[in-house]
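This report concerns only the one structure given below.
What you see is a predicted model; the values in this text were computed from it and never measured.
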Amino acid sequence: MHLFSSLKKPFVFAALTVALLLASAFLPSRASRVNATAAYVRYSEEITYYSDPGHTNYVGTLTTYCNGRSTLTGTITSYHTEEVLDVCCYGVPC
């Protein structure tokens, strides 16, 4: 009788572990929810880059459109200004 009680604990533990693994395989992952919304930008914007903190020398422009595409002219630096051009609704201007 003592033999069956000592075998019962590992079996129950293994059964619970398998049940949890199977249950987690059917739960939606958080990554799929993030990727579904990451395709749409919230607004189109134009970022103007300068060579210095005083914004005296223009060096480039990055424009991001509602469809997610971007165009870069010049160079990206850490000194910049941002201007919102349009608010976007599902990949198109609202």
Side-chain angles (χ1 to χ4, degrees):
M1 181 110 168
H2 190 294
L3 177 66
F4 290 116
S5 65
S6 64
L7 288 176
K8 201 185 290 186
K9 287 180 185 178
F11 176 74
V12 170
F13 178 74
L16 286 174
T17 303
V18 169
L20 286 173
L21 286 174
L22 287 174
S24 66
F26 294 106
L27 294 175
S29 70
R30 289 177 22 177
S32 64
R33 286 183 279 164
V34 171
N35 290 337
T37 58
Y40 298 113
V41 286
R42 294 182 184 143
Y43 47 86
S44 63
E45 68 176 340
E46 184 175 85
I47 303 173
T48 305
Y49 294 98
Y50 300 93
S51 64
D52 58 286
H55 297 177
T56 55
N57 297 322
Y58 163 83
V59 294
T61 302
L62 174 67
T63 306
T64 304
Y65 303 98
C66 286
N67 62 4
R69 293 186 178 230
S70 297
T71 58
L72 173 64
T73 305
T75 308
I76 293 177
T77 67
S78 57
Y79 310 110
H80 63 276
T81 59
E82 299 180 21
E83 179 183 354
V84 174
L85 303 175
D86 284 313
V87 176
C88 302
C89 296
Y90 299 103
V92 296
C94 295

| query | Are any side-chain N or O atoms of Thr61 and backbone N or O atoms of Thr73, one a donor and one an acceptor, separated by less than 3.5 Å? | reply | no
What's the separation between atom [atom1] in [X] and atom [atom2] in [Y], rounded to the nearest 0.5 Å?
| X | Y | atom1 | atom2 | result |
| --- | --- | --- | --- | --- |
| Cys66 | Tyr43 | SG | OH | 11.5 Å |
| His80 | Tyr58 | NE2 | OH | 14.5 Å |
| Tyr49 | Thr77 | OH | OG1 | 7.5 Å |

| field | Sulfur-sulfur distance Cys88/Cys94 under 2.5 Å | value | no
| Linking I/L/V/M/F/W/Y whenever their side-chain heavy atoms sit closer than 4.5 Å, directly or via other members, would Tyr79 and Ile76 fall into one cluster? | no
| Partner residues of Thr81 under the side chain to side chain contact (heavy atoms under 4.5 Å, CB included) criterion, sequence neighbours left out | Thr48, Tyr50, His55
| query | Can Asp86 and Tyr65 be said to form a side-chain contact (heavy atoms from CB on, under 4.5 Å), step by step? | reply | CA-CA 8 Å; Asp86 284 313; Tyr65 303 98; over 6 Å; no
| Under the side chain to side chain donor-acceptor pair (under 3.5 Å) test, residues paired with Glu83 that sit two or more places apart | none
| To which residues is Val87 joined in a hydrophobic cluster, defined by side-chain heavy-atom contacts under 4.5 Å among Ile, Leu, Val, Met, Phe, Trp and Tyr, whether direct or through other members? | none
| task | Give the minimum heavy-atom separation between Glu45 and Ile47, together with the two atoms involved. | result | OE2-CD1, 3.8 Å
| message | Looking at every non-hydrogen atom in both residues, tell me the closest pair between Asp52 and Asn57 and how far apart they are. | response | OD1-N, 3.4 Å
